Amino acid sequence: MASFVESFWGERNNGFDVLYHNMKHGHLSTKDLADFIRERATIEEVYSRSMTKLAKSASNYTQLGTFAPVWDVFKISTEKVASCHLELVRKLQELIKEVQKYGDEQIKAHKKTKEEVSGTLEAVQNIQSIIQALQKSKENYNTKCVEQERSKKEGATQREIDKAAIKSKKATDTYKLYVEKYAAAKSDFEKKMTETAQKFQDIEEMHLLHMKEIVESLSNTVKEIHLQIGQVHEEFINNMANTTVESLIQKFAESKGTGKERPGLIEFEECNTASAVEGIKPRKRKAFGLSGIIKKEKDAESVECPDADSVNIPDVDDEGYSIKPEASQNILSAIANMLGWDCHGRSGGRAWQRGLGAGRAPDAGDEAWVGWMFWVQGDGAW
């Protein structure tokens, strides 16, 4: 396995900067993971609410017919699935708290690490500055050496040659000095960078292990809920298998049945005419008239005619109607006058009409005939 100690050196010595920012990026990864789990929890919560709503709607579907009991199976199964997803939301929220707690611990650990590796940062800055100075001193040294050699070949004066030699020696000393400084800075930098690189690797290994534990916890949580959902689906399948056509028919018959008694037989019964005739009673015709007046008239007749021989038997006309005595005719005329009716004689009797002109007798089929007709049938009967 590759290690930070072996992989973060290079000419510009930027390994420290890369490792330090990688440590800082670890906190961003933790924050992103918390956001991801939070978003997953939100989706699960929305799904749970939707499933709960769907379960309630199952009660609104028609409860008529033999298929009605199946909706209860759907309702119970959907409610359990919604409960599983809600349980997943609860566990994800707990996991988010753990991730946030780890993120807070990360900030403290990074702050502490920054203080611990501050010496390495100085060593990096020192060696980088020494390398730059060494490079310049080397370039200056090469330039002065070339100038000194050129002055000798071009026949310059001794004074110019000596002056070039002094500059060349000074450049040489400066260059050697930075070489020595670089050697010392290099030793310090390598020592500190090795320790710091190992520290950064330990931090990253711990961070990755912790992040993997969080992801594993997330996976196990989702797996556990999915197993529960699988059990719910298995239960649903078993319930549907047990909900046979015969059981649905039986439930419907038991709950909506109207009875097991079938209609009885009805036989033809002959009519018993003898008993029917014997049971008939004669009906008396009720006289139409003023009972008070008739009664008084009868009483007067009974007083005047105490003997049966003295009773006057009324005459009967050709049609069988009685010819009313004059006294009765007068009573009828008085009643007709009170009602505003006109009187006309007809076949031994008298008829009264209302609505005809004075002196006009009704004709057969006359549409203006709207009154009543009274035919005297017997003494005292109208």
Side-chain angles (χ1 to χ4, degrees), residues 1-32 103 105-211:
M1 183 182 70
S3 63
F4 289 177
V5 175
E6 298 175 353
S7 305
F8 292 92
W9 299 101
E11 295 181 359
R12 298 183 180 181
N13 300 307
N14 292 331
F16 176 85
D17 185 67
V18 173
L19 292 176
Y20 178 78
H21 284 89
N22 179 69
M23 180 185 70
K24 301 291 288 184
H25 293 161
H27 177 66
L28 295 178
S29 299
T30 303
K31 184 177 178 298
D32 291 342
E105 295 175 353
Q106 259 188 318
I107 294 175
K108 296 179 180 178
H110 292 174
K111 185 177 181 180
K112 182 179 179 181
T113 302
K114 183 179 179 180
E115 295 175 354
E116 293 174 352
V117 300
S118 59
T120 305
L121 177 60
E122 294 176 358
V124 171
Q125 294 173 348
N126 183 42
I127 193 173
Q128 287 176 345
S129 62
I130 291 175
I131 289 175
Q132 292 178 356
L134 177 60
Q135 187 66 29
K136 290 181 180 180
S137 65
K138 181 179 179 180
E139 292 175 357
N140 185 53
Y141 163 74
N142 290 330
T143 301
K144 298 305 180 182
C145 290
V146 171
E147 289 178 355
Q148 181 183 6
E149 190 65 24
R150 183 183 297 119
S151 62
K152 290 180 180 180
K153 289 181 180 182
E154 292 179 354
T157 62
Q158 188 61 39
R159 184 177 179 181
E160 291 176 350
I161 294 173
D162 294 341
K163 187 176 181 181
I166 294 172
K167 291 180 179 181
S168 178
K169 184 178 184 303
K170 183 177 180 180
T172 301
D173 294 340
T174 303
Y175 176 47
K176 289 181 178 180
L177 177 62
Y178 279 110
V179 169
E180 293 175 358
K181 287 184 178 182
Y182 172 76
K186 175 180 175 298
S187 176
D188 183 58
F189 169 73
E190 286 183 350
K191 179 182 178 181
K192 292 180 178 180
M193 183 61 188
T194 300
E195 296 174 355
T196 301
Q198 186 61 48
K199 183 182 292 293
F200 281 139
Q201 183 168 343
D202 294 341
I203 292 174
E204 284 305 307
E205 288 178 355
M206 293 297 297
H207 167 65
L208 293 175
L209 286 174
H210 203 129
M211 293 291 280

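Since we're looking at a predicted model, the values are computed, not measured.
Exactly one residue among Glu149, Glu147, Gln148 makes a side-chain hydrogen bond (donor to acceptor under 3.5 Å, both in side chains) with Ser168. That residue is Gln148.
When atom types are taken as modelled, the side chain of His21 and the backbone of Asp17 share a donor-acceptor pair closer than 3.5 angstrom. Of the possible polar contacts, none joining the Gln198 side chain to the Phe4 backbone as a donor-acceptor pair under 3.5 Å is found. Put simply, the side chain of Asn142 gets close to the backbone of Lys138: a donor and an acceptor are under 3.5 Å apart. Listed for the Thr196 side chain is no donor-acceptor partner under 3.5 Å among the backbone atoms of Met193.
Heavy-atom minimum distance, His110 versus Met23: CE1-O, 2.9 Å. In this structure, Ser137 and Thr174 approach most closely via the heavy-atom pair CB-CG2, 3.9 Å. Between Gln128 and Arg12, the shortest heavy-atom distance links the atoms NE2-O, 3.0 Å. Looking at every heavy atom in both residues, Ala185 comes nearest to Ile130 through CB-CD1, 3.4 Å. The minimum heavy-atom distance between Asp188 and Ala123, with the atom names listed, is OD2-CB, 3.5 Å.
Cation-pi geometry between Lys186 and Tyr182 is not satisfied (NZ or CZ under 6.0 Å from the ring centre, within 45° of the ring normal).
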*Under the side-chain contact (heavy atoms from CB on, under 4.5 Å) criterion, do Ile131 and Asn13 qualify, and how do the steps go?*
CA-CA 10 Å; Ile131 289 175; Asn13 300 307; 3.5 Å; yes

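Salt bridge absent: Glu195 and Lys191 never bring a charged side-chain N and a carboxylate O closer than 4.0 Å.
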